[in-house]
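Comments concern the structure below.
First the proteins, then the strands, lettered A, B, ... as listed; each starts at 1.
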Amino acid sequence: MKLLLIHANYMEYEVKKATKIAEKIDEDQKSKSIEEPLVVFTAVEKGDDEDVVDKAVKEIRDTAEKVGAKRVVIYPYAHLSSNLSSPDLAVKLLKLMEAKLLDFEVYRAPFGWYKAFRISCKGHPLSELSREIKSDKESAKEDKELTQALKDEEKVKSFWYILHAGKLYNINEFDFSEYPKLKKFADYEMSKRRAVDRTPPHVELMRRLQIADYEDASDSGHMRYYPKGRLIKSLLEDFVTRKCIEYGAMEVETPIMYSREHPTLRRYLERFPARQYIIKGDKREFFLRFAACFGQFLMCSDAVITYKNLPLKIYELTRYSFRKEQRGELVGLRRLRAFTMPDMHTLTKDMEQAKNEFINQYRLSVETLRAIGLNPEDYEVAIRITRDFYEENREFINSISNILGKPILIEMWDRRFFYFVLKFEFNFVDALDKASALSTVQIDVENAERYDISYVGEDGKKRRPYILHCSASGAIERCIYALLEKAHIDMENGKLPMLPVWLSPVQVRIIPVSEKFLGYAVNIAERMNASLIRVDVDDRDETLGKKIRDASTEWIPYIAVVGEKEVEKRKLAVTIRSESTLKSQKKTEMSVEELIERIRVECGNMPFKPLPLPLKLSERPSFR
RNA sequence: GCCGCCGUGGCUCAGCUGGCAGAGCGGGUGACUUGUAAUCACCAGGUCGCGGGUUCAAAUCCCGCCGGCGGCUCCA
């Protein structure tokens, strides 16, 4: 039940027209004028009962006493709620409310009529109050779930270890001297603070390179992507999707919004209030998904699955997932409110199979990041685990540390308070020593039950699967963040920053020495273009030095100059960025075919998309 | 959400003890036709984030809001 309490100088109303749900009324109820009332605008909601009325009456009584009102007007006002009860129940409860306030001079405006009203609010501090009242049953239930979840989190204590070469070290006993980045990561995880007073480098880079930018007209944490940014993002999206499909996942698509009232989803949401975007539909309210779990679990719940189908993998690239993070938490491409995440779920028949998949997906994540341009030395591994699960699976956990051969930060909990017993993350540590998770896999022991997902076993009986959640790369935007931060770190170490060639928006820039060679340059560009190379031509009326400089500040991997000599020899004068430094540039002569071949080898079988920009620089707008 | 700092042409910033709104880059035009990280000249471009207040006068001082950054909190 929702109440809006107004202490007024007077209140007048007059019925105009009956609706279908109008209650029958006498002539003298059709209009009223009341002096010095406490007006109670009231909306009766689903689930309200006599208990709620009692509480509402108590609120009204308290307020009336405080403001010194002797008259009460109960005024049905549907607009206070989007979750109204049936009209019958509403009338019943409103009448009950009236009956319980008989020691006041009480008026009840008729239900179900269009009414005109006039009110004069007194305007003192207590003259306008709103109240939300829930039945004990309901609020007790919600309170219990909420407080239980919060209590669990409070009570849970983390124990920290380092796992290296199959041995578990207490965090204090481990010698970090050879692993400074792991030390930074562990510090960050355990203390969660860092003294920095600088804009993260990737924010500046994403804007300067015309990849992405803030969009003031949207909510914070929703970015705009310029053509180059969209290209990079799109290549990454395609790559990760392909990787998961090759791994055996079935790609699906599920809605981005779900009813708040759905029985399965509701409990989940109540644990995390105010974390999601709410959308008003015609009748119901919806929340925007924060991952693909909902859609995929609901799909699995309805599917007929047997042990022969397991492990069963389904995949979706969520463009977008929405999380209404607190404002102070948002940073550039690192932490967003709308982001794109590959989300794969694997149903497994038992823990053996789940563990097996866990290891496979660990390897899948390593490969995925490596292809994107993030190597194991660029991230730190964390494993989060319940103590029980660790004790029962010591050998298995120890074996994980051998896959990459580098030490792993372990966070161990005495009891399970999330839905998983085990998860790993690959955490990127950025130029400002902040860590954020990229790839992750979790073993979920709870949601099969919650969503009623089952498979038929060999004995014909229904069983609950264990479910793995896997994001092989983590959020796509976050991968771009990591690549930009990595490039910045390279720059600080005296290297020329760049993106992997397959992700570079422009792979080759052709610069004619003068106007005379423009036709020749365009000709070569068209040939390369036909060979699936992203190439452009700097046809602007600028000096050669200026053009070289501009190409360099755009991080273009290959700069090819053509002039008289090149035309004669049918070669290109190519500057290779990856082998150059700011002081000395690596220049070499190559034929067009050699350059094409070099890039083709470098990009292997990574996805390719054509340049989404005009071939000639002079025809290209600047988005900044 | 709380605390602190910031918001001036497209970009980076100066101006801020109140007194005519500036520079460099970028853009346009012209000259030059160029050999590996910024060619020269001229021109255009601004409700100083938004709203209110103080004042003869506000980019400048005060209040509120919006946005960004950092810290705290948080991160299913």
Which part of the nucleic acid, if any, lies within contact of [X], taking any heavy atom under 4.0 Å across all strands shown: a base, the sugar-phosphate backbone alone, or nothing?
X        : value
A:Asp541 : base
A:Ala291 : nothing
A:Arg335 : base
A:Lys565 : base
A:Glu215 : nothing
A:Val203 : nothing
A:Gly563 : base
A:Thr553 : base
A:Arg577 : base

What's the closest nucleotide to the [X] side chain, out of [options]?
X        : options                : value
A:Val561 : B:rU36, B:rG68, B:rU39 : B:rU36
A:Val513 : B:rU73, B:rG35, B:rG26 : B:rG35
A:Pro200 : B:rG70, B:rC32, B:rG35 : B:rG70

Problem set entry | Aromatic plane relationship, A:Phe426 with A:Tyr362 - under 30° parallel, 30 to 60° tilted, over 60° perpendicular |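 Answer is perpendicular, since the angle exceeds 60°.
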Problem set entry | Salt bridge flag under 4.0 Å for residues A:Lys181 and A:Asp433 |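 A:Asp433 and A:Lys181: not salt-bridged.
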Problem set entry | Single hit among A:Phe420, A:Tyr315, A:Phe297, A:Phe418 for ring pair (Phe, Tyr, Trp, His ring centres under 6.0 Å) with A:His469 |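 Testing each of A:Phe420, A:Tyr315, A:Phe297, A:Phe418 against A:His469, the sole residue satisfying ring pair (Phe, Tyr, Trp, His ring centres under 6.0 Å) is A:Phe297.
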For this session: Let me know, please, whether A:Tyr214 or A:Arg624 comes out on the 5' side of the other along RNA chain B by nearest nucleotide.
Result: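 Mapping each residue to its closest nucleotide by heavy atoms, the 5'-most match is A:Arg624.
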Problem set entry | Between B:rU47 and B:rG22 - P atom distance, rounded Å |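 Taking atom P in both B:rG22 and B:rU47, they lie 15 Å apart.
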Exercise. What integer number of Å spans the P atoms of B:rU55 and B:rG18?
Worked result: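 The same atom, P, in both gives a distance of 16 Å.
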For this session: State whether A:Gln326 places a side-chain N or O below 4.0 Å from either non-bridging phosphate oxygen (OP1 or OP2) of B:rC75.
Result: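 It does not, given that no N or O in the side chain of A:Gln326 lies less than 4.0 Å from OP1 or OP2 of B:rC75.
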Ignoring hydrogens and angles, write down the donor-acceptor pairs under 3.5 Å from the side chains of residues 487-499 of chain A, residues two or more places apart or on other chains.
unit_1   : atom_1 : unit_2   : atom_2 : d
A:His488 : NE2    : A:Glu492 : OE2    : 3.3
A:Asn493 : ND2    : A:Ile489 : O      : 3.4

Exercise. Between the base of B:rU33 and the side chain of A:Glu515, is there a donor-acceptor distance below 3.5 Å?
Worked result: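 Pair found.
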